[in-house]
Amino acid sequence: MKHVFLVDGSGFIFRAFHALPPMTRPDGVPVNAVYGFTQMLMKLVADTDADHIAVVFDTARQTFRNDFYPEYKAHRPPPPDDLIPQFALIREAVRAFDLPCVEMDGFEADDLIATYARLAREAGAKVTIVSSDKDLMQLVRDGEVTLFDAMKNKVIGGEEVVEKFGVPPEKVVDVQALAGDPTDNVPGVPGIGVKTAAQLIAEYGDLESLLARAGEIKQPKRRQNLLEHAEAARVSRRLVLLRDDCEVEVPLDTFAVKKPDADKLAAFLKDNGFTSILTRMQAKLADAGEAPPAAAGGTAVPVPAEVTYELIQTVADLERWVEAATAQGFVAVDTETDGLDCHECALVGVSLAIAPGKACYIPLRHVDPDAAPEPESAQGDLLGGVAAKPAQRPQQIDLAEAIARLKPLLESPAVLKIGHNIKYDMHVLAREGVRVDPIDDTIVMSYVLDGTTTGHGMDELAKRHLGHTCISFTDLCGKGKAQITFDRVPLDKACAYAAEDADITLRLHALFRRRLVEEHMMGVYEGLDRPQVRVLADMEAAGVKVDAVELRRLSDDLGARMAELEVQIHALAGETFNPGSPKQLGEILFDKMGLQGGKKSKTGAYSTSADILEQLAAQGHDLPARVLDWRQVQKLKSTYADSLVGQISPRTGRVHTSYSQTVASTGRLSSQDPNLQNIPIRTEEGRKIRRAFVAAEGCKLVSADYSQIELRLVAHVADIAALKRAFHEGQDIHAITASEMFGVPVEGMDPMIRRRAKAINFGIIYGISAFGLAAQLGIDRGEAKAYIDAYFARFPEIRDYMEATKAEAKRQGFVTTFMGRKCYTPGINDRNPNMRAFAERAAINAPIQGGAADIIKTAMRRLPLALTDAGLKTTMLLQVHDELIFEAPVDEAEAAVPVIKRVMQEAATLSVPLDVDAGIADTWAEAH
DNA sequence: AATTTCACG
DNA sequence: GACGTACGTGAAATTA
């Protein structure tokens with residue numbers, strides 16, 4: 001016996017459950033903790049030199065500790081519903097690996113671990129405890145016993161224990177006895193935390209010595225606490241001290257490692273849908289020259305037999321790769337560039353992957369890494385001038401030649417091009433004259449499958465799904481000011497990095513394809529999000545014309561207005577200060593001037609948000625009113641006027657946004673650099689910004705927006721008879737709502753009543769609360785509550801929908817749109833009621849907001865073809881959630897409108913009609 | 001890097 | 001009875 005591994009099974013279950021997104025088997029059983037546990041065991045069994053392994057579990061809640069301290073761990077809530085069925089499955093997992101499960105009534109897993117650790121040491125073996133639980137740190141003995149954090153891949157030795165507790169492992173119990181532990185109800189001594197405890201133990205040696213000499217402590221409060229709570233400290237020590245004398249029934253030597261039965265393990269993995277682990281195991285067995293296990297089936301294996309990345313510097317080599325990719329019918333593609341802005345940066349190289357582990361890199365615009373940073377000056381030495389070291393351009397295929405060879409492959413309709421965020425590469429290659437098509441995108445696949453439960457960056461996905469750590473960009477190029485552009489990276493390193501990206505993309509693709517089928521998400525991917533990539537790339541490339549002269553003039557006006565307001569603000573305040581500083585403003589309003597509306601935020605700062613300032617202004621105070629004006633002007637100037645001018649492309653003279661398809665939890669798009677989905681409209685001043693968005697010469701802008709799409713979805717999804725009828729009859733929906741709720745006729749309705757009904761309709765979409773409605777309408781909560789009750793009474797279906805949606809979210813961790821998109825609802829089973837309420841409102845909103853997003857995506861997918869089929873040159877430029885903006889030649893704008901309206905209205909067939917408003921004008925403000 | 005504020009749907 | 005919220009985004013400025 002040389003090395004014993006003791007796995008803290010119970011600790012791992014909880015950590016895996018909370019760290020991993022919700023996952024279910026095909027039959028709906030939650031398995032995220034089982035998955036994490038299985039992955040951990042897989043890794044453990046593969047990587048370890050251990051000759052003895054056991055997995056240790058807690059049993060019932062009552063242990064010997066409760067006999068002398070009933071409160072111990074008594075306040076712990078029961079495990080979440082989604083975790084309960086996983087306990088048994090995890091024991092199954094352990095058995096599938098042919099590992100022993102150990103547990104014992106009346107003792108915690110930690111006590112068993114302490115006992116086996118002692119037995120192992122006495123037998124002369126090394127011990128590794130697989131856990132990160134601080135309560136086990138007392139067992140660490142350098143050279144003999146270490147902890148291993150399997151989730152962070154970190155070894156915890158004596159040094160780490162000192163870092164955590166300030167004392168060596170032997171004294172950890174004394175520190176814990178003083179500091180206590182609220183999560184386990186260990187009382188400790190009041191006013192003493194880990195820091196103070198460590199200091200005291202360091203000074204007095206141990207707990208008993210300290211308690212004996214407590215009278216000497218200088219700080220009066222601390223002395224008193226130690227004297228008063230000495231007994232509590234002693235009890236605490238007994239609670240945290242692990243028993244290493246359990247009378248264990250299973251002898252240590254039965255933990256000897258056996259070779260697991262591959263068939264049994266494969267069956268378990270298959271039963272639980274862990275196909276990624278299964279394929280990895282199959283690959284490993286195949287590598288070792290063994291027959292694949294029985295349950296294997298014929299699934300693809302994204303794990304390479306070997307990894308070879310080839311640097312391509314000759315046309316002949318490039319041709320070989322192009323031929324291989326063409327013959328295969330699919331290829332992973334990645335581009336490297338000299339910047340992050342996909343609309344302006346230049347292509348530096350291309351990588352291709354055709355099989356797991358088989359990839360190449362084709363450098364195209366690399367420069368001498370040792371040359372001066374500017375490529376121009378690097379090339380200035382051709383005449384053999386003064387430089388000590390002549391710039392040497394690395395050997396590369398001629399750019400035009402390489403593009404000419406790659407173009408047929410990248411444009412071939414018979415070859416699928418797979419990329420990770422391929423929209424970026426499409427833009428870069430488009431400027432080299434290549435229109436990449438058809439495409440698959442692993443970032444979009446990952447988003448469709450896992451939503452916002454994970455990031456979708458390649459490094460993260462490689463780690464999560466393939467257990468592979470990618471070369472990091474910062475390792476290659478550095479960071480901050482010292483960062484170099486990719487064209488200055490030496491070719492060998494560039495090849496290792498770039499080829500890896502293509503390789504990983506290809507492997508992820510194999511995995512995600514299978515998951516899309518198994519998890520029934522292929523429809524959403526193929527029907528909505530994949531076609532969107534091409535559509536968005538074209539919209540972004542088209543850009544929109546912005547009148548820079550007009551914006552500069554506006555900026556000057558706004559600047560002058562700000563200066564005037566600042567003078568007034570300083571006069572009203574009686575001093576000069578920065579009105580842009582919430583801190584300074586808060587102090588002036590609430591400390592100096594003594595206005596009511598005190599501290600608000602969790603950081604202790606005054607809130608000076610618009611609603612607070614509006615209240616103050618309504619009470620007749622001028623300063624907050626002027627500050628509100630100033631803020632509006634400053635926002636318009638900095639965020640819109642000034643920054644938009646700076647975002648006009650020198651290349652095209654237009655503004656090119658980038659849409660992200662993979663950030664919103666509901667399936668919406670988002671727009672960035674610049675964000676063109678939040679251009680002002682609600683105020684007259686703001687509309688001036690929108691007037692600077694203009695049509696190109698000889699064109700008009702056409703704007704088409706869905707009318708009340710979210711409320712229509714509420715009526716459809718929640719099946720609300722009265723609302724559906726009103727939409728069918730084309731009625732004023734807010735007026736109808738008011739009429740139903742308050743029993744007043746629509747004719748001659750008080751606008752105030754309609755406004756309230758409108759606010760309630762919005763509230764319904766957002767997962768209504770009395771608090772929120774009250775804040776919105778400026779009424780008290782009781783009144784808001786009465787409105788909501790009236791709404792529920794009149795439209796009872798809405799309540800059923802809300803309850804059913806919440807229950808669905810709680811059961812499976814996500815809700816779905818009517819088109820089948822999953823919207824994950826993190827926090828839905830959180831212990832904190834606020835977190836839960838928040839998640840519940842988000843869950844209620846998601847199918848509505850997400851359903852609307854699915855509808856407009858469908859319309860966007862169909863529109864380009866519908867327009868060309870109608871013989872039109874009209875192009876789609878922008879999407880703003882329920883609105884699409886087009887640029888149409890003047891003489892066809894009128895003809896484009898009915899085509900656009902028809903496609904948008906027919907994008908979904910619901911139990912209510914979809915209605916679209918459209919306008920034609922020279923500027924966005926007037927077209928809307 | 002986090003917080004606050006505010007623009008949009 | 002207190003808590004602290006309307007849903008979803010991105011950008012600029014201040015603060016720590």
Side-chain angles (χ1 to χ4, degrees), chain A residues 452 577-586 600-613 627-628 630-644 646-647 657-660 663-683 685-687 689-690 705-706 708-711 713-714 759-777 781 784 788 805 815 823 825 827 832-850 852-853 856 878-884 924 928:
Chain A
T452 43
F577 71 103
N578 180 358
S581 161
K583 187 164 175 266
Q584 292 177 32
L585 177 63
K600 265 295 214 46
S601 81
K602 42 188 161 265
T603 55
Y606 294 116
S607 171
T608 65
S609 58
D611 52 342
I612 301 274
L613 297 191
V627 171
L628 282 168
W630 183 90
R631 278 197 186 152
Q632 192 198 23
V633 174
Q634 120 95 21
K635 180 89 174 181
L636 292 176
K637 178 164 156 53
S638 69
T639 307
Y640 298 104
D642 292 344
S643 101
L644 267 178
Q647 300 262 20
T657 185
S658 293
Y659 289 100
S660 173
V663 291
S665 57
T666 55
R668 270 192 179 181
L669 301 178
S670 83
S671 155
Q672 54 189 314
D673 304 313
N675 183 352
L676 296 184
Q677 291 182 321
N678 70 347
I679 300 303
I681 188 156
R682 291 175 187 171
T683 67
E685 281 297 296
R687 289 182 79 95
I689 301 282
R690 212 169 256 237
D705 67 284
Y706 283 107
Q708 310 277 16
I709 188 165
E710 294 198 341
L711 214 43
L713 271 161
V714 171
I760 293 166
N761 277 331
F762 271 101
I764 294 293
I765 294 170
Y766 296 151
I768 201 154
S769 73
F771 181 94
L773 182 62
Q776 184 63 36
L777 285 174
R781 260 163 71 179
I788 294 170
T805 306
V815 292
C823 304
T825 55
N832 178 340
N834 292 325
M835 290 279 292
R836 227 168 34 233
F838 183 75
E840 286 170 1
R841 293 194 298 269
I844 289 165
N845 173 259
I848 299 163
Q849 190 182 112
I856 198 166
L878 300 174
Q879 188 252 41
V880 193
H881 308 309
D882 65 356
E883 175 189 15
L884 294 170
W924 187 6
H928 185 80

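Order of the sequence lines sets the chain letters (A, B, ...), proteins ahead of strands, with each chain counted from 1.
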Exercise: identify the closest heavy-atom pair between A/Ser643 and A/Thr639:
OG-O, 3.0 Å
Counting the atoms with a prime plus P, OP1 and OP2 as sugar-phosphate, which does A/Ile681 contact under 4.0 Å by heavy atoms, base, sugar-phosphate, or nothing?
sugar-phosphate
Strand contacts (DNA chain B) in residues 832-848 of chain A, 4.0 angstrom heavy-atom criterion:
none
For B/dC8, does the base pair up with any side-chain atom of A/Gln677 as donor and acceptor (N or O, under 3.5 Å, distance only)?
no
So A/Ile765, base contact, sugar-phosphate only, or nothing? Heavy-atom distance under 4.0 Å.
nothing
Is the side chain of A/Thr452 donor-acceptor paired with the backbone N or O of A/Ser665 at a distance under 3.5 Å, no angle test?
no
Flag the pair A/Leu676 / A/Leu644 as yes when at least one side-chain heavy-atom distance between them is below 4.5 Å, and no otherwise.
yes
Would you say A/Arg631 places a side-chain N or O within less than 4.0 Å of OP1 or OP2 belonging to B/dC6?
yes
Every stem of 3 or more Watson-Crick or G-U pairs under 3.5 Å that DNA chain C joins, in order of first number, is B:1-9 with C:7-15
Quote, to the nearest angstrom, the P distance that separates B/dT4 from C/dG4.
14 Å
Establish, with yes or no, whether the OP1 or OP2 oxygen of B/dC8 is under 4.0 angstrom from a side-chain nitrogen or oxygen of A/Arg682.
yes
Do A/Leu585 and A/Leu613 come close enough that some side-chain heavy atom pair is under 4.5 Å?
yes
If we take the P atom in both B/dC6 and C/dA6, what is their distance in whole Å?
14 Å
Any heavy-atom pair between the side chains of A/Asn678 and A/Tyr640 that's under 4.5 Å?
yes
What distance do A/Ile856 atom CD1 and A/Leu669 atom CG have between them, rounded to the nearest 0.5 Å?
8.5 Å
Using a 4.0 Å heavy-atom cut-off to protein, can you give one letter per nucleotide of nucleotides 10-16 of chain C, 5' to 3': B if the base is in contact, S if only the sugar-phosphate is, - if neither?
BBSSSSS
